[in-house]
Amino acid sequence: MPSTTPPASLYTPPRPRSASPRMGLLRCIWHGDGDLLTLMPADAYKVRIGPLGYSRRSIVIVNDPEWVRSIMTDAIDIFPKNDLMKGALQPLVGDSLFVSDGETWKRQRRMVEPAFSFMRITKAFAAMQKAVGDHVAMLDQRVESGEPFSLDFSMSHLTADIICRTVFSTLITSGAARDVFESFTVFERNVSNVKLSHLIFGRAWSKVPQSQLVLDACIRIREQLGKLIDDCLAAQENSDDPDAGDNLARAVMDARDGDDGAPFTRDELIDQLGVFFLAGHETTASVLTWAFFIIAERPEIAARMRAEIQAEVGDRDIAFEDIKKLVFSRNVFREALRLYPPLTFIPRVAAETTTLGGRKIKKGAMVMIAPWAIHRHELYWDQPDAFDPDRFSAAREKDLVPGAYLPFGQGPRVCAGATFAMIESTLILAELVRRFDFHAQDADKVVPVARLTTRPREEIMVRVTARTAP
Ligand code: HEM
């Protein structure tokens, strides 16, 4: 338990009410279905390991950092990716990096890793700056009109734009990229990631059926990704410039298997680049939505960020080298990631009967690693529900419980884009907060739910005004 004391009056942003397992189940039945956060019993934030709600299939929540580490690091073959999550994502991204296991995953990870090297991040930064610049121009118009708009949508649009520019060197407004984004919005709203009624009544290993709407969206996204890939290949072939199309797509196209020297096939490229699009913008958009909501509610956070930006950067544009100096802004992002980890749950399945923490885990059981619960666990955090960015300050960082903070996962399958996401998000937060005040509507009605990522149940509507306060 931490030794230093945080300030007494901290802001507590929205969280769903905990229910007893029986009440959670009744609520879900009453609403027809629901999300897993609705089913989270109060005990989920107290126990080190335990059953999660009532279901026909055994679901075990594992919170203890040491056992979580063992699942995600030492025993990845016993606890592969969960079949329900795979079933939801495979129509979109095939058997690609995010969902594959075993030798297939090892080969893909080896081939994709160099695409995320430091050199490429510094190059990607210029594309991030341009996308943020266009977003600022769009927000200037919103200031003029005074019209409210969806914070969720605007963050998804911005982060998708960054992914399109860095992966394909194209703008989100271009034909194919726009179609991918629009179809992805349909996918995100309607995909059944973990359908509760299925969890409760379905057999282990049985598939969650997806609606035709979702399957059609996947077909459209894959067709358009194919076009973007063909455009990248053509740009490379038709140019004398060796740096032409120097983007993440090209790095993945140039990747070769270490054993047989084979490149990814066109279908595999669609799978892998589909993951970059999915994992690379939806996650960041989710947490930025929460970060801007909190900033809108607490002007004193914006004030501290502005003071830091002024001291470290002054009035010029934020450069790559400045990002590491914006310590408080980064800590605001890290704390938003703690309270609203985009991957609410990181589910695994027990491929064989085994034991964990002295408890028998039956073959087929769902093993839930829930960053949502671990990040709010009363054994590991002081005032777990309070927003306190200074937890991550140099003075207090020593109080953090090792392994109790895992928004990017851990072990060999740790997020490949974590550095990318940290840099991009710090830039976005700092460039927008230094210029605008955000004002959220109906803040008291905002409730988080677990969809593909942690999202507000209803879109958060905001207005922006030109910054007035220091
Ligand atoms: C705040 C933003 C992000 C968060 C919170 C996040 C979180 C995660 C987590 C928790 C995992 C591990 C999942 C598991 O173990 O089952 C993961 C994997 C992955 N992420 Fe991210 N991610 C973010 C941004 C990104 C970005 C920007 C990219 C790419 C540009 C990316 C690409 C990937 C890929 C390719 C994997 C699969 C790695 C593997 O299984 O080998 N992510 N992410």
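Whatever order the structure lists them in is the order used to number ligands and atoms, beginning at 1. Keep in mind that what you see is a predicted model, and the values were worked out from it rather than measured.
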Legend entry - atom 30 (C) of ligand 1: the protein heavy-atom neighbour that sits closest, reported with distance to 0.1 Å: Phe116 CE2, 3.6 Å
Legend entry - Close side-chain approach of Phe293 and Phe438, heavy atoms under 4.5 Å: no
Inset, instruction - Check Val112 against ligand 1 and report side chain, backbone, both or neither, counting heavy atoms closer than 4.0 Å. - result: neither
Inset, instruction - Give the atoms of ligand 1, by number and element, whose distance to some non-hydrogen atom of Val275 is under 4.0 Å. - result: 35 (C)
Inset, instruction - Return a yes/no value for Arg109: is any of its N or O atoms, backbone included, closer than 3.5 angstrom to an N or O of ligand 1? - result: yes
Inset, instruction - Could you tell me which atoms of ligand 1, counted from 1 in the order shown, lie closer than 4.0 angstrom to a heavy atom of Phe420? - result: 27 (C)
Legend entry - For Trp105, the ligand 1 atoms whose distance to one of its heavy atoms is below 4.0 Å: 39 (C), 40 (O), 41 (O)
Inset, instruction - Could you pull out the N/O/S protein atoms under 2.8 Å of atom 21 (Fe) of ligand 1, ignoring any water? - result: Cys415 SG
Legend entry - Centroid-centroid under 6.0 Å between Phe392 and Phe333 rings: no
Legend entry - Geometric N/O contact Lys81 with ligand 1, under 3.5 angstrom: yes
Legend entry - From the candidates Ser286, Pro342, Pro407, the one that places a heavy atom nearest atom 7 (C) of ligand 1: Pro407
Legend entry - Proximity of Phe125 and Phe320 rings by center, below 6.0 Å: yes
Legend entry - Arg348 heavy atom under 4.0 Å from ligand 1: yes
Inset, instruction - Answer with side chain, backbone, both or neither: which part of Ile346 has a heavy atom less than 4.0 angstrom from an atom of ligand 1? - result: side chain
Inset, instruction - Using the six-membered ring wherever Trp is involved, compare the ring planes of His157 and Phe181 and label them parallel, tilted or perpendicular (cut-offs 30° and 60°). - result: perpendicular
Inset, instruction - Taking the side chain as every heavy atom from C-beta outward, state whether Lys81 and Arg413 have any atom pair closer than 4.5 Å. - result: yes
Inset, instruction - If you have a sec, work out which protein heavy atom is nearest atom 12 (C) of ligand 1 and how many Å separate them, to one decimal? - result: Arg413 O, 3.6 Å
Inset, instruction - Ignoring hydrogens and angles, state whether a donor on the side chain of Ser286 or Thr454 is under 3.5 Å from an acceptor on the partner side chain. - result: no
Legend entry - Check ion pair Lys86-Asp83 (N to O, under 4.0 angstrom): no
Inset, instruction - Write out the residue and atom name of the closest protein heavy atom to atom 35 (C) of ligand 1, then the distance separating them to 0.1 Å. - result: Leu97 CD2, 3.5 Å
Legend entry - Glu66/Arg48 ion pair, N-O < 4.0 Å: no
Inset, instruction - Would you check if Ile221 and Leu92 make a side-chain contact, meaning some heavy-atom pair closer than 4.5 Å? - result: yes
Inset, instruction - Would you indicate whether Glu397, at its atom CD, is surrounded by more than 12 heavy atoms from other residues, nucleotides or ligands within a distance under 6.0 Å? - result: yes
Inset, instruction - With heavy atoms of Thr284 as the reference, note each atom of ligand 1 found under 4.0 Å away. - result: 2 (C)
Inset, instruction - Please confirm whether Arg348 makes a cation-pi placement over Phe79, using NZ or CZ under 6.0 Å from the six-membered ring centre and within 45° of the ring normal. - result: no
Inset, instruction - Taking the six-membered ring for Trp and the full ring for Phe, Tyr or His, determine whether the centres of Phe184 and Phe277 are under 6.0 Å apart. - result: yes
